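Below: one structure, written as structure tokens.
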Amino acid sequence: MESSPPKRVLVVANRTASTPRLLEEVTRRAKREPTEFTLLIPDVRERKAADWTLETAIPLLRRAARAPVGHLVGGPDPFTAVEQAVREHHFDEIMISTLPKQTSRWLRRNLIHRVEGLGVPVTAIVPRQKSIREAVEDSDDVTRALIGGGG
């Protein structure tokens with residue numbers, strides 16, 4: 001009995017590449033079916049910024065996927081970077097992880113809709129907004145850690 005090839009998913013993220021919401025979705029998908037993930041970091045003006053994101057995100061994504069995760073770095077235009085990745089590699093789906101609507105340049109530039117035009121299914125992953133209570137609790141935890149209060 002032959003097994004089908006793993007699903008190939010392009011994960012498009014920059015500042016959200018290691019957010020809990022994205023990592024949860026990668027974990028969920030990896031548990032559901034064999035999946036190969038490739039992280040594309042577009043919107044990169046300086047290679048050091050991409051390197052820092054890769055150093056932080058790849059180990060977390062690898063743990064979430066329970067497998068190696070490939071990576072690509074794109075230029076300053078996110079749509080062009082995604083378009084090139086889709087042209088050069090075969091992907092079954094694209095996951096775009098972006099900041100919330102209030103702060104996302106990608107959403108203001110209609111990136112998700114434009115990428116949908118490439119003919120590959122697209123899923124948007126947007127981090128959950130913290131409630132005021134969660135933000136205050138996080139702030140309290142950081143303050144305790146800074147003054148040596150433990151936690």
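What you see is a predicted model; the values in this text were computed from it and never measured.
A side-chain donor-acceptor contact under 3.5 Å links Thr16 to the backbone of Ser97. The backbone N or O of Leu23 sits less than 3.5 Å from a side-chain atom of Thr27, completing a donor-acceptor pair.
Inspection of the Thr56 and Ser18 side chains reveals no N or O donor paired with an N or O acceptor under 3.5 Å.
Ala65 pairs by the side chain to side chain contact (heavy atoms under 4.5 Å, CB included) definition with Val26, Phe37, Val69, not counting sequence neighbours. Looking at residues two or more places apart in sequence or on another chain, you find a side chain to side chain contact (heavy atoms under 4.5 Å, CB included) between Arg108 and Arg105. Applying the side chain to side chain contact (heavy atoms under 4.5 Å, CB included) criterion to Glu33, with sequence neighbours excluded, gives Lys7, Thr35. Applying the side chain to side chain contact (heavy atoms under 4.5 Å, CB included) rule to Ile112 yields the partners Ile96, Leu107, Glu116, Val122, Ala124; only residues at least two apart in sequence or on another chain are considered. For Arg28, the side-chain hydrogen bond (donor to acceptor under 3.5 Å, both in side chains) test picks out Glu25, with sequence neighbours left out. Checked against side-chain hydrogen bond (donor to acceptor under 3.5 Å, both in side chains), Asp92 has the following partners two or more places apart in sequence or in another chain: His90.
Residue Arg15 places its CZ atom among 12 or fewer non-hydrogen atoms of other residues, nucleotides or ligands, all under 6.0 Å distant.
Residue pairs meeting the salt bridge (Lys or Arg N to Asp or Glu O under 4.0 Å) criterion with at least one partner in residues 62-73, sequence neighbours excluded, do not occur; the list is empty.
Cluster membership for Leu99 and Leu40, using ILVMFWY side-chain heavy atoms within less than 4.5 angstrom, is not shared.
Heavy-atom minimum distance, Asn14 versus Trp106: N-CH2, 3.9 Å. When every heavy atom of Pro6 is checked against every heavy atom of Glu36, the shortest pair comes out as CG-OE2, 3.3 Å.
Between the NE2 atom in His71 and the CG atom in Leu39 there is a gap of 8.5 Å [rounded to 0.5 Å].
With a 4.5 Å cut-off on side-chain heavy atoms, Pro78 and Val12 do not count as touching. At least one side-chain heavy atom of Thr38 sits under 4.5 Å from a side-chain heavy atom of Leu72. Counting heavy atoms from C-beta on, the side chains of Arg29 and Glu93 come closer than 4.5 Å. With contacts defined as side-chain heavy-atom distances shorter than 4.5 Å, the pair Leu54/Ile41 qualifies.
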For residues 79-86, which side-chain donor-acceptor pairs fall under 3.5 Å, sequence neighbours excluded?
unit_1 : atom_1 : unit_2 : atom_2 : d
Thr80  : OG1    : Asp77  : OD2    : 2.4
Gln84  : NE2    : Glu88  : OE2    : 2.9

